[in-house]
Student: 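Dropping a structure here in structure tokens format, bear with me for questions.
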Amino acid sequence: MPDGKEVTTAQADVWDAVKSSRAIAARVNAELIDLGMLQQASDDAVVELVSFDSEAGKEIYRHSTSHILAHAVKELFPDAKPAIGPATEDGFYYDFDRDIPFTPEDLLKIEKKMQEIIKANTPFVRKDISRLDAIELFKKSGDTYKVEILEGIDAENVSLYEENGFVDLCRGPHIQRTGRIKAFKLLSIAGAYWRGDSNNKMLQRIYGTAFETKDDLKAYLDFLEEVKKRDHRRLGRELDLFSFDENIGAGLILWHPNGSIMRKTIEDFWRDEHIKADYHILFTPHIAQLKLWEQSGHWEFYRDSMYDPMQIDNVAYELKPMNCPFHISIYKSSLRSYRNLPIRYAELGTVYRYEKSGVLHGLLRVRGFTQDDAHIFCREDQIEDEIQNILNFTLFVLNTFGFEKYDIYLSTQPEKFVGTPEIWERSTDALKKALDARGLSYQVDEGGGAFYGPKIDIKIKDALNRSWQCSTIQVDFNNPERFDLGYRGSDGAEHRPIMIHRALMGSLERFFGILIEHYAGIFPLWLAPMQVSVLTIAERHTEYAAEIVAALKSAGIRAEINADNEKIGYKIREATLRKVPYLAIIGDKEAEEKKITVRKRDGENIGPFTTAEFIGIIVEEIKRRK
RNA sequence: GCCGGGAUAGCUCAGUGGUAGAGCAGCUCACUCGUAAUGAGCAGGCCGAGGGUUCAAGUCCCUUUCCCGGCUCCA
């Protein structure tokens, strides 16, 4: 039962329970079935009712809505061939093959037709037939995609669901009647390859979502609105942080003054903390000879997303897509002994990758970006300690930027790999131990490691509970081999070091985009591009206000004066829209008492303070980075 | 890269083959004002770029750049 109660299938009891519940389907002996099939369950079966509250329930509910969508499309556009229509995490979609593209107006028509189908409240009827009969049936109706699916199914029998004359191939289960759908909305139209393969035909996908109540649907649509409001591309323009220019090129970012000062703040923090954590900060070139990436193997694997090499003095040069070969070269610039290890090199290294035009997306997917990269060269026996250090360091950095929830994944040896199984086992074990030592729970992605070593990925959750993968820690057995790295051991012999690649933010640009959305542009004081705006009431206050700004600036605070010929309400509004954390308001009272009245971003008034008191408060808050 | 939709003033957008518009922002002037928009005036455009159809193109057609929603991809 949804409430956790289990009952036996004395039919009458079960039906009473179903009637008084919001059940959508049932799970009998762990198998999901239609409610209508409950009668066939044996008396000793364990029955659980599945409602919309469960993932399975949502999926069935939304999948049924997608059937209704297909039914409506079929009625309105008989030339459209249905392909597949599953539920997704927060909705559903259905793919159709049709020569004429659907328009937003079509969507409204389809919604209307769906309402009619729901209102008719006809039952979903399951039919079990042989696979071959089903193929015949769909061949007759010209449903070539269904035929193709059936041809790929490895079973004697399949099930069909029919609802008021509309038949679809489906494993089920479904809701009992179309009237069960209480709230749905079609959201968008997009292209999608048949079976997700870019060699296949492009179909038209209609996205939608469905909920059990109108209120829940509204809450979801409100959430989508909130996502839109926080869109870093929109806030990036509104807060004048960055832009793109058609004349410069797709996926190439222009950092405006406001964005740049924030980036500088982030970079300063990053570099300072790395130096404290015994990393060496590096700078390396943006282009280098192609042979470096031939040697690293990147050219072989990622040629498609690397820019074409350029010929310079008859030598092929390449815009760098990765920083590792440079760090490796620095490692190799001197003989290393076991006493030197670990050596930690860190760089905010800007790399260029040719991303397909269609995937570019604001700051989140670009063609030029800066990795907060580090490479650690260590002995095998140092891996565990190093990973532990990195984990602590990573979580500290993520916390500082306001991310406190994350999912951690450990990826293990894939089918194709370099190195020996023994070293894979030992280092994977070291990663596990490091995670356990920090008391971090994680999921294991079996076989999900890169060919060159196991890795730990950390996905952060933002204020809207959306997941973003930023941090990655990867052990590398490949590059030390390819670049013939060595160190002199205590035994006097030459040994091969292990490399650990690691990024905390991943890409500075992308992380910045995520930060914008996480904070909705309302940045904590230490990051805010303008920290204090000093607003004058009238012209005669300009002089005192300028004194305050000068004092704030000399204390390292980002401050400005707004002595414009405007009313105070206007100035407050203007600064509030720019999300300036503190507004100092200067009028006769303040000028006379040599004090400052302060209005916080949320509208709260504090003070009055002397300039020194106010500076103390601000500096302290900046220091705490909260 | 693929499918679909777009690009008009700094921003948000209207303009269905016949004289390029609005609001906000900007500038000027007046008001010197106490916690989210004072009023008036002015200026602002190669209608993304290139080609074509037409007496006439922001509007129709082709090419191209860039953007948006997805798909595929992401060291």
Side-chain angles (χ1 to χ4, degrees), chain A residues 93 95 97-104 106 187-207 228 231 233-234 237-238 240 243-252 293 296-306 320-324 351 353-362 364-367 369 371 373 450-452 455 469 472 474 476 478-479 501 503 506-507 510 535-542 563-578 583-590 597-605:
Chain A
Y93 65 79
D95 287 346
D97 183 3
R98 180 172 180 245
D99 292 338
I100 307 159
F102 291 115
T103 65
D106 291 338
L187 298 169
S188 61
I189 313 156
Y193 296 110
W194 165 236
R195 297 202 144 152
D197 185 336
S198 57
N199 296 314
N200 287 343
K201 187 167 182 184
M202 180 70 72
L203 308 177
Q204 294 185 65
R205 176 170 297 179
I206 298 179
Y207 281 94
K228 241 193 228 168
D231 191 317
R233 292 167 298 185
R234 174 184 175 151
R237 187 172 46 241
E238 286 175 0
D240 203 10
S243 68
F244 295 89
D245 187 324
E246 186 180 359
N247 296 312
I248 286 166
L252 301 170
W293 290 283
S296 70
H298 289 118
W299 180 243
E300 189 189 341
F301 283 96
Y302 300 107
R303 181 192 299 234
D304 286 349
S305 39
M306 287 168 67
K320 79 167 159 181
M322 279 294 256
N323 302 303
C324 356
V351 298
R353 296 179 185 177
Y354 173 74
E355 301 283 1
K356 289 176 183 172
S357 62
V359 306
L360 300 172
H361 181 93
L364 303 184
R365 195 78 184 269
V366 292
R367 285 181 174 163
F369 62 95
Q371 292 183 312
D373 213 355
F451 71 90
Y452 50 74
K455 63 172 180 171
Q469 199 210 303
T472 183
Q474 310 185 348
D476 182 356
N478 181 49
N479 272 311
H501 305 249
S507 142
R510 180 166 175 274
L535 315 180
T536 55
I537 300 280
E539 256 173 51
R540 63 180 174 280
H541 307 123
T542 306
D564 285 357
N565 185 9
E566 288 292 348
K567 286 187 173 178
I568 194 68
Y570 182 89
K571 294 186 193 180
I572 287 172
R573 176 182 156 80
E574 189 272 338
T576 305
L577 290 175
R578 285 192 294 137
L583 307 181
I585 293 164
I586 306 304
D588 287 337
K589 203 173 62 180
E590 288 78 11
T597 305
V598 178
R599 180 190 159 108
K600 299 207 301 193
R601 196 159 35 180
D602 60 8
E604 189 196 345
N605 275 299

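Only a predicted model underlies this, so the values are computations on that prediction, with no experimental measurement involved. So that the names make sense, note that chain A is the first sequence line, chain B the second, and so on, each numbered from 1.
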Student: So, is A:R540 near the phosphate of B:G34, with a side-chain N or O under 4.0 Å from OP1 or OP2?
Tutor: no
Student: Under a 3.5 Å limit for both distances, which nucleotide forms a Watson-Crick or G-U wobble pair with B:G45, could you say?
Tutor: none
Student: Quick one: the side chain of A:R365 and the base of B:C73, do they pair up donor-acceptor inside 3.5 Å?
Tutor: yes
Student: So do the side chains of A:E238 and A:L577 get within less than 4.5 Å of each other, counting heavy atoms only?
Tutor: no
Student: Check nucleotides 58-63 of chain B against the protein and report each pair of N or O atoms closer than 3.5 Å, with its distance, or say if there are none.
Tutor:
none

Student: Let me spell it out: for each of A:I537 and A:R233, pick the nucleotide of RNA chain B with the closest heavy atom. Which residue's pick is nearer the 5' end?
Tutor: A:I537
Student: Could you pull out the protein-nucleic contacts involving nucleotides 23-29 of chain B (nitrogen or oxygen on both sides, under 3.5 Å)?
Tutor:
unit_1, atom_1, unit_2, atom_2, d
B:A25, OP1, A:Y570, OH, 3.4

Student: Return yes if the base of B:A75 and the side-chain atoms of A:S296 contain a donor-acceptor N/O pair under 3.5 Å, otherwise no.
Tutor: no
Student: In whole Å, what separates the P atom of B:G17 from that of B:A7?
Tutor: 16 Å
Student: Across nucleotides 1-16 of chain B, 5' to 3', mark each nucleotide with B, S or - according to how protein heavy atoms within less than 4.0 Å reach it.
Tutor: BBBS------SS----
Student: Which residues pass the salt bridge (Lys or Arg N to Asp or Glu O under 4.0 Å) test with A:R98, not counting sequence neighbours?
Tutor: A:D79
Student: Please identify each residue that fulfils salt bridge (Lys or Arg N to Asp or Glu O under 4.0 Å) with A:E590, with sequence neighbours left out.
Tutor: none
Student: Using purine N1 to pyrimidine N3 plus N6-O4 or O6-N4 for Watson-Crick, or N1-O2 and O6-N3 for G-U wobble, each under 3.5 Å, what pairs with B:G21?
Tutor: B:C13
Student: List the residues meeting salt bridge (Lys or Arg N to Asp or Glu O under 4.0 Å) with A:R303, not counting sequence neighbours, and say none if there are none.
Tutor: none
